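First comes the structure, then the notes that go with it.
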Amino acid sequence: MTSYAGPLALLHTSPVHIPVFESLRDEAHPGLTLAHLVAEELLDRARTQGPDAVADDVRELLGEAVAAGARAVLCTCSTIGAVAERAGVGVPVLRVDRPMAAAAVAAGPRVVVVASVESTLEPTAALIREEAAGRSVEVRALLVEGAWDRFEAGDMDGYVRAVAGAVDGITAADAIVLAQASMAPAQHLTRTAVPVLSSPAPGLAAAAAAARSAAWPGRGSRPSSCAVARPVPVRTATG
């Protein structure tokens, strides 16, 4: 497996995502530098005011990350993913759920989006329709009531079990999409025969490829890793 430098900045709206992506990095992308930016308030405001309300803040955060050395950015929050993608900060900015959405469309026209936060449903459904690129697709939405309360209370086991239980009740679907990165563990608890898709692994793979491509253009020397500035609590991890 090829080892390479980044660095890749990840924008999170919860610190629980840090160990998830570090573990995925260790398993599949050794040597990749991850710089974690955690801004929980972005999701809080996006939920109440809409994703566009945080567009300026997202652009500022990503711009500072790029100025500090980030060669690519991965937004792990599905609610603000579209806002991050169009930030225009001079490096590739990817939303974690786009590869998952593409896989869902490839599986068939009947896609069910499962979320624990209502603000995530429409952005994810819109992304799936975008990935369908004119092909016929039927997108249904399922909000897992009460699951987010368990997440906010720190009951991750109860959270993922609630999500898995809701998923197992879905029928007449070609693919089931777990709309939030935090839901990924539920993928391994479900018993349904319908393919259940989560975003962290394919999203990180796409961002790692972008970071690798941006870091080593042409024959230039490989850049050294660089810690991201601290506009919000940041933790940098290297493999």
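Everything numeric in this text was worked out from a predicted model, so none of it was measured.
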Is [Y] reachable from [X] through a run of I, L, V, M, F, W or Y residues, each pair having side-chain heavy atoms under 4.5 Å apart?
{"X": "V117", "Y": "V58", "result": "no"}
{"X": "V83", "Y": "L62", "result": "yes"}
{"X": "L204", "Y": "L197", "result": "no"}
{"X": "I18", "Y": "V160", "result": "no"}
{"X": "L121", "Y": "W148", "result": "no"}

To the nearest 0.5 Å, how far apart are [atom1] in [X] and [atom2] in [Y]?
{"X": "E27", "Y": "E22", "atom1": "CD", "atom2": "CD", "result": "12.0 Å"}
{"X": "E118", "Y": "E145", "atom1": "CD", "atom2": "CD", "result": "8.0 Å"}
{"X": "D56", "Y": "E60", "atom1": "CG", "atom2": "CD", "result": "8.5 Å"}
{"X": "D97", "Y": "S198", "atom1": "CG", "atom2": "OG", "result": "11.5 Å"}
{"X": "R47", "Y": "T120", "atom1": "CZ", "atom2": "OG1", "result": "8.0 Å"}
{"X": "S14", "Y": "L42", "atom1": "OG", "atom2": "CG", "result": "12.5 Å"}

Where [X] and [Y] come nearest, the two heavy atoms and their spacing:
{"X": "S78", "Y": "Q180", "answer": "OG-CA, 4.1 Å"}
{"X": "T76", "Y": "A181", "answer": "O-CB, 3.8 Å"}
{"X": "A201", "Y": "L24", "answer": "N-CD1, 3.7 Å"}
{"X": "A101", "Y": "I128", "answer": "CB-CG1, 4.0 Å"}
{"X": "L8", "Y": "A72", "answer": "CD1-O, 3.3 Å"}
{"X": "V96", "Y": "P200", "answer": "CG2-CA, 4.1 Å"}

Check this for me: R191, atom CZ, are more than 12 non-hydrogen atoms of other residues, nucleotides or ligands nearer than 6.0 Å? no
Measure from the side-chain N and O atoms of [X] to the backbone N and O of [Y], and report whether any donor-acceptor pair falls under 3.5 Å.
{"X": "R25", "Y": "L32", "value": "yes"}
{"X": "T79", "Y": "L43", "value": "no"}
{"X": "S23", "Y": "V20", "value": "no"}
{"X": "T190", "Y": "T192", "value": "no"}

Can you find a pair of side-chain heavy atoms, one from [X] and one from [Y], that are under 4.5 Å apart?
{"X": "L178", "Y": "V167", "value": "yes"}
{"X": "V105", "Y": "R129", "value": "no"}
{"X": "C75", "Y": "E85", "value": "no"}

Give me the one residue out of R150, M183, Q187 that meets side-chain contact (heavy atoms from CB on, under 4.5 Å) with V163. M183
Give me the one residue out of I80, V38, L74 that meets side-chain contact (heavy atoms from CB on, under 4.5 Å) with L11. I80
side-chain hydrogen bond (donor to acceptor under 3.5 Å, both in side chains), paired with H12, selected from H36, H17, E40: H36
Got a salt bridge between R98 and E130, using NZ or NE/NH1/NH2 to carboxylate O under 4.0 Å? yes
Should R161 and D155 count as an ion pair when the cut-off is N to O under 4.0 Å? no
Could you pull out all donor-acceptor pairs under 3.5 Å where a side-chain atom in residues 108-115 meets a protein atom, sequence neighbours excluded?
{"residue": "R110", "atom": "NE", "partner": "D174", "partner atom": "OD2", "Å": "3.2"}
{"residue": "R110", "atom": "NH2", "partner": "D174", "partner atom": "OD1", "Å": "3.1"}

Does L94 form a side-chain contact (heavy atoms from CB on, under 4.5 Å) with V73? I'd like the steps, not just the answer. CA-CA 6 Å; L94 299 87; V73 179; over 6 Å; no
Walk me through it: do H29 and F21 pass the test side-chain contact (heavy atoms from CB on, under 4.5 Å)? CA-CA 10 Å; H29 311 285; F21 284 91; over 6 Å; no
May I have the step-by-step check of side-chain contact (heavy atoms from CB on, under 4.5 Å) for S116 and F151, ending in yes or no? CA-CA 9 Å; S116 60; F151 179 90; 5.9 Å; no
